[in-house]
There are 2 protein chains.
Amino acid sequence: MGDDDRSTDGRKARGHKRRTEIIDATLAVVQRDGAAGVTHRTVAKEAGIPVSLSTYYFATLDDLLVAALTSVTEAYTARIRHIIDNRDDKLRGLAELIAESAGTGRERALAERELSTLAARRPALRPIARRWREHVAELAQRCTDSPDAVTAVVAASDGLCAAILIDNAPGDPGYVHAVLRQALGVQPEATRQ
Amino acid sequence: MGDDDRSTDGRKARGHKRRTEIIDATLAVVQRDGAAGVTHRTVAKEAGIPVSLSTYYFATLDDLLVAALTSVTEAYTARIRHIIDNRDDKLRGLAELIAESAGTGRERALAERELSTLAARRPALRPIARRWREHVAELAQRCTDSPDAVTAVVAASDGLCAAILIDNAPGDPGYVHAVLRQALGVQPEATRQ
DNA sequence: TATGTATTTGTACGATAGTACTAGTTGTAC
DNA sequence: GTACAACTAGTACTATCGTACAAATACATA
């Protein structure tokens with residue numbers, strides 16, 4: 001009756017943990033070498049496990065990429081949902097989240113974009129990639145009644161991310177916030193929360 | 001003194017033509033199978049030429065992808081420039097260009113996005129990918145004096161493209177135009193050309 | 001403790017990749 | 001026409017890929 005992880009977790013829990021480790025290793029590879037660099041071997045090396053263990057949890061490479069994209073998207077949508085539920089100045093929260101992409105999470109954001117591009121070509125992945133967009137839309141709906149404004153905010157959010165990544169611009173939350181407000185159509189002196 | 005293409009073109013011109021053919025074949029492969037499907041062999045097969053001919057014009061696979069991205073981006077920026085120079089209702093022209101992505105050019109637009117994502121990871125390609133963004137900005141500057149509005153339009157343009165591609169939405173020029181106007185911050189009854 | 005299942009590992013096979021190499025062909029300039 | 005350079009083509013080498021497979025180990029449960 002040891003008290004280390006192995007004994008207390010149970011097989012099912014440990015299996016789930018391994019799965020998560022492999023997904024994390026996959027994301028690390030995507031961050032470092034891009035989606036094209038993802039192979040069972042590179043992932044296994046990153047995770048410090050034999051190749052056959054990677055194929056044990058993800059029979060095909062496609063399964064692995066799907067799982068990685070799902071994981072990334074769920075994490076992102078969770079953050080947006082948190083802003084929607086707990087934040088008064090939602091647009092500001094969104095701006096900070098976007099700006100953060102340029103800071104510590106730049107490579108991470110790049111990986112997300114790469115995986116989302118991958119999703120455009122795989123119908124099975126489209127619903128997943130679409131989800132974060134729906135969450136941003138829901139956030140925007142709390143700030144305006146205009147459908148066009150909602151669409152503009154969603155599109156601008158995506159475009160701002162891309163701009164920050166490609167232009168390698170500094171992710172200034174204030175600047176991003178100003179642009180989002182512009183897309184929202186609010187007057188600077190009369191911002192709706 | 002023949003009058004067929006081979007004789008009149010000269011060696012240099014024919015070489016350039018071959019180069020273009022290979023680039024087009026590359027874009028066709030990207031459209032069909034994505035950037036990951038681009039290999040010297042698939043491109044050569046698509047172009048109907050032996051593999052070694054592809055490597056003759058593009059020593060490495062990277063050279064080929066760089067050339068393909070450059071070609072795509074130049075074509076796109078040329079169209080934007082045409083709108084800037086010859087169109088009165090510039091925002092409308094931009095909207096139509098974006099909406100067109102969902103119609104006949106959907107696969108094409110998808111290829112462009114894929115290649116642009118590729119560019120985010122290769123510093124050498126960033127200036128090229130950035131160029132179309134600068135052109136859109138220039139277009140927007142003809143419609144407003146607000147820097148934030150310009151940024152919003154550029155970001156929204158990119159985001160709208162992505163939305164159309166991923167959500168597979170219908171590319172309605174009127175709708176796109178409305179959203180762009182929203183980003184621009186003009187009132188529906190007082191559109192500044 | 002015994003057993004069955006989940007997990008882990010090492011190894012191997014066929015396919016395909018990038019790219020180098022050599023030889024043949026074509027067009028141009030003298 | 002002759003020589004030179006550009007172009008075209010076939011082939012082969014090495015590396016790495018996805019994936020399959022069998023054996024070994026660990027662990028929960030009876």
Side-chain angles (χ1 to χ4, degrees), chain A residues 1-26 28-30 32-69 118 121-122 124, chain B residues 1-26 28-30 32-68 118 121-122:
Chain A
M1 55 173 66
D3 51 353
D4 61 315
D5 293 343
R6 295 185 114 73
S7 303
T8 54
D9 278 358
R11 282 198 290 203
K12 201 161 193 175
R14 266 184 50 225
H16 186 268
K17 192 174 175 182
R18 264 275 191 260
R19 217 183 118 91
T20 304
E21 285 175 11
I22 296 175
I23 288 177
D24 288 342
T26 304
V29 172
V30 174
R32 181 162 29 85
D33 304 322
V38 174
T39 74
H40 272 138
R41 285 177 172 81
T42 55
V43 168
K45 189 170 192 174
E46 177 73 29
I49 56 175
V51 182
S52 42
L53 193 52
S54 174
T55 65
Y56 173 74
Y57 282 96
F58 302 96
T60 84
L61 201 60
D62 218 67
D63 293 338
L64 184 54
L65 286 171
V66 168
L69 175 62
L118 202 86
R121 208 168 284 281
R122 310 188 186 218
Chain B
M1 55 177 70
D3 50 354
D4 61 318
D5 293 344
R6 296 186 111 74
S7 302
T8 53
D9 280 356
R11 282 199 289 204
K12 201 162 193 174
R14 265 183 51 225
H16 185 268
K17 192 175 175 182
R18 264 276 190 258
R19 217 183 117 92
T20 304
E21 286 174 10
I22 296 174
I23 288 177
D24 288 343
T26 304
V29 172
V30 175
R32 181 163 30 83
D33 304 322
V38 173
T39 74
H40 272 137
R41 285 176 170 83
T42 56
V43 168
K45 190 170 192 175
E46 176 73 28
I49 57 174
V51 182
S52 45
L53 193 52
S54 174
T55 65
Y56 174 75
Y57 283 95
F58 303 95
T60 84
L61 202 60
D62 217 67
D63 293 337
L64 184 55
L65 285 171
V66 168
L118 202 86
R121 205 169 286 280
R122 312 189 186 220

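Numbers restart at 1 for each chain; the letters A, B, ... are given by sequence-line order, proteins then strands.
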| Sugar-phosphate only, base, or nothing, as touched by A/L53 at under 4.0 Å among non-hydrogen atoms | base
| remark: With sequence neighbours left out, the residues meeting salt bridge (Lys or Arg N to Asp or Glu O under 4.0 Å) with B/R19 are none
| note | Rounding to 0.5 Å, atoms CZ (B/F58) and CG (B/L64) come to a distance of 5.5 Å
| task | Whole angstrom is fine here: how far is it from CG in A/D63 over to C1' in D/dG18? | result | 12 Å
| Rounded to whole angstrom units, what separation is found between the OH atom of A/Y56 and the C1' atom of D/dT19? | 16 Å
| said: Below 4.0 angstrom, which residues in residues 44-52 of chain B have at least one non-hydrogen atom near DNA chain C? | reply: B/V51
| message | Contact between A/L69 and A/L118 at the side-chain level, heavy atoms closer than 4.5 Å - yes or no? | response | no
Contacts under 3.5 angstrom, residues 45-56 of chain B side chains, donor-acceptor by atom type, not counting sequence neighbours:
unit_1: B/E46; atom_1: OE1; unit_2: B/R32; atom_2: NH2; d: 2.5
unit_1: B/T55; atom_1: OG1; unit_2: B/S52; atom_2: O; d: 2.9

| request: For A/F58, report the nucleic acid contact type (base, sugar-phosphate, nothing); a contact means any heavy atom under 4.0 Å. | output: nothing
| task | Check whether any side-chain nitrogen or oxygen of B/R14 sits under 4.0 Å from OP1 or OP2 of C/dT26, and answer yes or no. | result | no
| field | Length of the NZ-P vector between B/K17 and D/dC7, whole Å | value | 14 Å
| request: Could you please spell out the steps behind the side chain to side chain contact (heavy atoms under 4.5 Å, CB included) verdict for A/D63 and A/V66? | output: CA-CA 5 Å; A/D63 293 338; A/V66 168; 5.7 Å; no
| query | To the nearest 0.5 Å, how far apart are OG1 in A/T20 and OH in A/Y57? | reply | 10.0 Å
| task | Give the rounded distance in Å between these two atoms: CZ of B/R19 and P of D/dT8. | result | 13 Å
| Phosphate OP1/OP2 of C/dT8: any A/R18 side-chain N/O under 4.0 Å | yes
| said: When you measure only distances, ignoring hydrogens and angles, does the side chain of B/R41 come within 3.5 Å of the base of C/dG18 through a donor and an acceptor? | reply: yes
| request: Calculate the interatomic distance between A/L61 atom CG and C/dT16 atom P; express it in whole Å. | output: 16 Å
| Expressed in angstrom and rounded to an integer, what is the separation of B/H40 atom NE2 from C/dT16 atom P? | 18 Å
| query | Is the side chain of B/T42 donor-acceptor paired with the backbone N or O of B/G37 at a distance under 3.5 Å, no angle test? | reply | yes
| task | Please report, rounded to the nearest Å, how far the C1' atom of C/dT8 is from the CD atom of A/E21. | result | 13 Å
| task | Describe the nucleic acid contact of B/T39 in one word from base, sugar-phosphate, nothing, applying a heavy-atom distance below 4.0 Å. | result | sugar-phosphate
| remark: Taken to the nearest whole Å, CG/A/L64 to P/D/dG18 is 10 Å
